[in-house]
Amino acid sequence: MKNRAPQAQEVAGFGNVLVFCSVVSVSVCLIGIVLFAASASSNVDATLPLRAALLGLTSLSALSVITFGILVLLVSPLIWVIVAFIGFATKKSFLYSFLSFLVLFFMLLSIAVSLK
Amino acid sequence: MEPLILLAIFFVCVLAGVITSMLGIGEGVLLVPFLTLAVGIPIQVAIATSLVSTIANSSAASMRYLNDNRLNLRLALWFAAAATVGAIIGAEIAAQTNRSLLTEIFAAALIATALVMFLRRKESDALQGKGLRDFGGALFTLDGSYSSAPAERAVNYRARNLFLAPLSGFVAGNASGLLGIGGGIINVPVMTLGMRVPIKVATGTSALIIGLTTAVGATIYFANGFMQPLLTAIVLEAVFVGALIGPRMQARIQNEALTIIFAIVLVILALLMLVRF
């Protein structure tokens, strides 16, 4: 059987995006954990609304930094699909570009409908 | 929460990350019972935490699987496109369905699938290209090749019966909306038994799919304020570490052993589902 599609080289930059998003997210969360430990705060179970978390970033609040790291992780799959969409489009593999678009569209639609 | 408990959570989550990344399944099956029953965390927070950590698992495991050609991106897109649609419909009809009956049927199907996987555990790579009609695998370039460790033998494969990919993705998406179970336990058996994809490629491909399909649920829980940042960060760091280890361990074990482990996990999950309802 002829191997026509070695996956590792299939979409340029897809692997790099996986690594980049993961490293950024995990590193930011780790910095947040260290900041939390250094602050000697005991409010371990605290939750933080997104708006407050983003505002707290300017003062490097530990929970804000962690929340930002989590946000990067949540956005990662959307970025993967966008990269796949562009990658397949540039290779003129329009079926898979369309499938990537469908995944992206329904992900955004689900989020929009659920948050309405 | 005491620092020692947080440390215990970290180590349990590393282990969970190793197991789930090897099998291409989400964290929910292990972490939700652990966080709620053993640690006493509210169920909504536990679900939110497990959803985020599933993306961490997917990210870390997919890096390795992609590098080793154990991840077929094209195949993943067929499953993910249908799963995202299925999840919307599943969530909509969840309120009008007899979930108890559905769970019993689904649990029985999982046990039957586990039995078939166990009986056909030796076939594995040997069956590639035999006995099944193509149904689009060649047309849609669903070929691939990976190095089958520990023998380091190159295995060429072509996904057969392509119609099963959107069908399974749709069912898996519905099941996540209806029953709260992840897609991995449906997608991996369909890929191996129905589409003749080697189990190592099936689990690697599933690892990416679960990240794509979990992102929506995780974002919704996040936006609704169910996320405890510190707990989530500790769990996702631990799962990330585990998911870096899992694919490396998986590369060293035989397909037959991996199939048996997957079948055992399916039976355990089926029993857990029956006990819960």
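Protein chains get the first letters and strands the later ones, always in sequence-line order, with residue 1 at the start of each.
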So does L244(B) get a backbone contact from the side chain of R248(B), meaning a donor-acceptor N/O pair under 3.5 Å? yes
Heavy atoms under 4.5 Å from chain A: which residues of residues 44-56 of chain B carry them? V52(B), I55(B), A56(B)
Short side-chain to backbone donor-acceptor contact, S39(A) and F36(A), under 3.5 Å: yes
I'd like to know whether F105(A) forms a side chain to side chain contact (heavy atoms under 4.5 Å, CB included) with V103(A), so could you lay out the CA-CA distance, the side-chain angles of the two residues, the decisive distance to 0.1 Å, and finally the verdict. CA-CA 6 Å; F105(A) 174 77; V103(A) 175; over 6 Å; no
Part of I41(B) within contact of chain A (heavy atom distance under 4.5 Å): neither
Does a side chain donor of either S21(B) or N57(B) reach within less than 3.5 Å of an acceptor in the other side chain? no
Determine yes or no for a side-chain-to-main-chain donor-acceptor pair under 3.5 angstrom, with S168(B) supplying the side chain and A165(B) the backbone. no
In sequence, state the C-alpha distance, the side-chain angles, and the governing distance for L77(B) and S100(A), and then conclude on side chain to side chain contact (heavy atoms under 4.5 Å, CB included). CA-CA 6 Å; L77(B) 287 172; S100(A) 307; 3.4 Å; yes
Contacts of residues 211-219 of chain B with chain A (heavy atom under 4.5 Å): G211(B), L212(B), A215(B), V216(B), A218(B), T219(B)
Side chain to side chain contact (heavy atoms under 4.5 Å, CB included) for R74(B) and S93(A)? Distances and angles first, verdict last. CA-CA 10 Å; R74(B) 292 172 189 244; S93(A) 183; 3.8 Å; yes
Go through the steps to decide whether V201(B) and M191(B) satisfy the test side chain to side chain contact (heavy atoms under 4.5 Å, CB included), and finish with yes or no. CA-CA 9 Å; V201(B) 178; M191(B) 277 189 252; over 6 Å; no
Could you please state which residues from residues 19-28 of chain A sit under 4.5 angstrom from chain B, measuring non-hydrogen atom to non-hydrogen atom, sorted by number, or 'none'? V19(A), S22(A), V26(A)
Which pairs, with at least one residue in residues 53-90 of chain A and sequence neighbours excluded, count as a ring pair (Phe, Tyr, Trp, His ring centres under 6.0 Å)? F88(A)-Y96(A)
Hydrogens and angles aside, do Q250(B) and R64(B) bring a side-chain donor and acceptor to less than 3.5 Å of each other? no
Quick check: closest heavy atoms across A251(B) and K200(B), and the distance to 0.1 Å? O-NZ, 3.5 Å
Using modelled atom types and a 3.5 Å cut-off, is there a donor and acceptor pairing between side-chain atoms of S58(B) and backbone atoms of A207(B)? yes
Donor-acceptor check, side chain of S76(A) to backbone of L73(A), threshold 3.5 angstrom: yes or no? yes
Of the backbone (N, CA, C, O) and the side chain (C-beta and beyond), which part of L236(B) lies under 4.5 Å from a heavy atom of chain A, both, or neither? side chain
Is it true that N72(B) and Y157(B) share a donor-acceptor pair across their side chains at a distance under 3.5 Å? yes
Proximal component of L104(A), with respect to chain B [non-hydrogen, under 4.5 Å]: neither
